[in-house]
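Notes to accompany the following structure.
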Amino acid sequence: MSKKAKCTSIGGQAVIEGVMMRGTSAMATCVRDNEGIIRTETKRVTPPKKRNLFFRLPIIRGVFSFISSLVTGTRILMRSAEVFGEAEPTKFEKWVSKKLKIDVNNVLITFSLVLGLALAILLFIFLPSQIRVGLEILFNVKFTVWAKNFIEGGLKLAVFISYILLCSLIKDVRRTFMYHGAEHKVISCFEHGLELNVANAKKSSRVHDRCGTTFMVFVMVISILVFALIESLVGSSIEGVFRLLLKIAVLPLVAGLSYELLKGLAKTDCFLVFPLKVPGLLLQRITTKEPTDDMLEVALLAFSTVLEMDNDPTIKEKQFVFAQKCSEVLEKTKKTLLKYGIDEESEAEWIVSLSANLKRDDLKKDIFLTAKQVKKINRLVAERITGKPLWYCVGDVDFYGYTLKVNESVLIPRPETEELVYVAKQLNLTGKTVLDLCTGSGAIAIAIKKLTTANVYALDISESALEVAKQNATLNGADITFIKSDMFENLGELKFDLIISNPPYIKSEDIPKLQKEVKDFEPLSALDGGEDGLDFYRIISNRAKDYLVDGGVLLLECGIGQAKDIAELLNGYKTVEIIKDLEGIDRIIKAVV
């Protein structure tokens with residue numbers, strides 16, 4: 001056995017399709033669900049040094065740890081089963097929770113603990129005792145106290161090993177044994193100073209000094225000595241129920257002594273004590289199996305999470321996300337957004353509908369959302385409450401029926417701009433050449449290209465904006481020529497039948513007054529139109545004529561109250577027309593050369 005380079009108190013437990021790791025101040029359970037996603041739940045625990053002095057005393061701390069492990073282990077096992085076998089709650093479960101105000105899972109955990117303890121007493125105390133009594137009757141002998149306890153101890157070990165071997169034949173148990181192996185390998189990987197990754201964990205040992213299997217072996221061996229000693233003191237004639245109750249009463253002491261032995265032996269690799277470890281290590285060859293790479297990934301995440309939480313007490317707990325009723329998720333989303341000053345009900349509906357791939361009309365129906373969908377909703381909500389615009393959080397937006405990727409390099413296309421495209425669509429653009437000036441996300445250029453047979457160019461000064469526009473063109477199958485240029489500078493001798501643009505038109509002094517979502521996240525270069533908001537319109541009015549064919553059209557979107565001023569800038573054109581949007585606001589200027 002190689003020497004350990006590091007020491008850690010982190011230990012673990014295999015659960016249904018996952019691993020729980022527990023450190024000094026935190027525990028983490030990672031489970032791979034039936035969609036292949038690793039889901040994590042963390043919890044803060046009281047560090048040993050902060051516990052009551054009584055519970056830190058030798059032997060007592062072992063008893064406390066044993067009971068705590070039973071309760072916590074069962075609870076985590078049930079939680080992991082919930083994650084992997086996730087399903088909509090049954091009508092009975094809903095009724096019990098609603099009418100009796102009882103958590104069905106807590107009932108199951110309690111029942112499992114009681115049943116497990118009863119089974120343990122039956123198999124490891126009552127059955128060996130009865131077999132020993134049967135042997136005495138069969139051979140007409142009376143065993144001494146020590147002989148009785150050694151025979152019963154041997155029978156316990158035989159029952160224990162048989163139980164493990166039988167369990168290992170069950171497919172699901174074998175998988176749990178594989179996760180048990182993954183847990184040991186990751187801890188061993190860390191203790192031997194190796195970088196925590198799948199390759200290193202894979203070559204680490206799957207047996208470990210602090211394993212629960214070794215603890216159980218110690219319990220059985222120590223119980224022989226303790227029971228024999230106590231039975232010698234109280235009298236060798238006790239039998240039946242009294243002897244059974246005595247053994248149960250002494251179990252905490254046995255557990256405490258076994259805990260101290262386990263902890264003590266785990267601190268040394270001295271060859272002199274190795275024989276004491278051998279039985280437990282050999283049995284671990286049965287209770288652990290070689291894990292797959294994806295199982296090691298789960299164990300590595302659980303270990304790393306606990307290690308991080310132990311080192312940083314500010315990291316908060318998190319819970320597994322389970323399937324929830326759509327209407328309840330929607331209501332929770334609305335309340336969360338409202339708490340952070342976002343009172344647009346439509347935003348909550350968009351977040352839930354897009355995440356769950358549902359129509360907004362279906363959101364209030366009795367539909368259950370999967371954990372994956374709920375998790376996606378929670379992620380979007382967490383982003384949105386920072387002030388980040390909804391469509392940046394989502395990552396794309398619908399424009400004129402086409403899906404466009406958006407990020408903070410481009411302005412989010414507005415519904416008003418769809419009306420600009422609608423006006424352009426009414427023109428006869430068959431075989432014509434069109435320039436989208438200040439293209440941003442490419443929304444206008446892509447819509448025109450898809451709706452007409454025009455030859456479309458798109459121009460922007462921002463390299464990052466052009467990257468987004470190119471992605472959108474590819475996404476929508478739109479053949480567009482993109483040009484990086486500061487307005488008209490790099491157009492050369494090109495001429496166009498239509499120049500269309502939604503340029504920056506916000507007054508510089510108004511930028512700080514805009515909504516947080518706009519001023520803090522959308523690109524300033526796509527918003528700031530100068531002192532009066534008309535800087536870009538002046539450039540366009542002065543130079544667009546040079547790039548329009550005779551009879552060519554200029555279409556511009558503008559802000560509220562700007563239309564007349566922009567029309568005056570275009571007084572050199574043959575005709576200038578102001579077009580209202582659906583709200584009756586002067587929104588579009590159409591000028592003909």
Under 4.0 Å between a side-chain nitrogen and a carboxylate oxygen: does that hold for E347 and R384? yes
Go through it in stages, so that I can follow the logic: the residues are Y179 and E17, the test is side-chain hydrogen bond (donor to acceptor under 3.5 Å, both in side chains), and I'd like the CA-CA distance, side-chain angles, deciding distance and then a yes or no. CA-CA 7 Å; Y179 275 105; E17 291 301 321; 3.1 Å; yes
With the threshold set at 4.0 Å, does a side-chain nitrogen-carboxylate oxygen contact exist between K484 and D460? no
Between Y547 and F488, ring centroids under 6.0 Å: yes
Would the number of heavy atoms belonging to other residues, nucleotides or ligands and lying under 6.0 Å from CG of D546 be above 12? yes
Between K359 and D362 (salt bridge meaning N to carboxylate O under 4.0 Å), is one present in this structure? no
Identify whether NZ of Lys or CZ of Arg in K545 sits under 6.0 Å from the centre of the six-membered ring of Y573 and within 45° of that ring's axis. yes
Would you indicate whether the side-chain heavy atoms of Q562 and L534 approach each other to under 4.5 Å? yes
I'd like to check F190 versus V186 (side-chain heavy atoms, cut-off strictly below 4.5 Å). Are they in contact? no
Taking NZ, NE, NH1 and NH2 as the nitrogens, is one of them in E531 or K507 under 4.0 Å from a carboxylate oxygen of the other? no
Contact between E419 and R587 at the side-chain level, heavy atoms closer than 4.5 Å - yes or no? no
Any salt bridge linking E418 with K425? Criterion: basic side-chain nitrogen under 4.0 Å from a carboxylate oxygen. no
Closest non-hydrogen atom pair, E183 against Q13: OE1-N, 3.5 Å
Take atom NZ of K202 as the centre, draw a 6.0 Å sphere, and report whether it contains more than 12 heavy atoms from other residues, nucleotides or ligands. no
Going by an N to O cut-off under 4.0 Å, is there a salt bridge joining E345 and K334? yes
Rounded to the nearest 0.5 Å, how far does CG of L466 lie from OG1 of T439? 7.5 Å
Apply side-chain hydrogen bond (donor to acceptor under 3.5 Å, both in side chains) to the pair T403 and D396, showing each step before the final yes or no. CA-CA 7 Å; T403 299; D396 57 52; 5.8 Å; no
Who pairs with R379 by side chain to side chain donor-acceptor pair (under 3.5 Å), at least two apart in sequence or on another chain? E383
Exactly one of R414, E557, E416 clears side-chain contact (heavy atoms from CB on, under 4.5 Å) with N502, and that residue is E557
Salt bridge or not between D532 and R538? Use side-chain N to carboxylate O under 4.0 Å. yes
Does the ring centre of F536 sit less than 6.0 Å away from the ring centre of Y505? no
Is a salt bridge present between K574 and D550, judged by a nitrogen-to-oxygen distance below 4.0 Å? yes
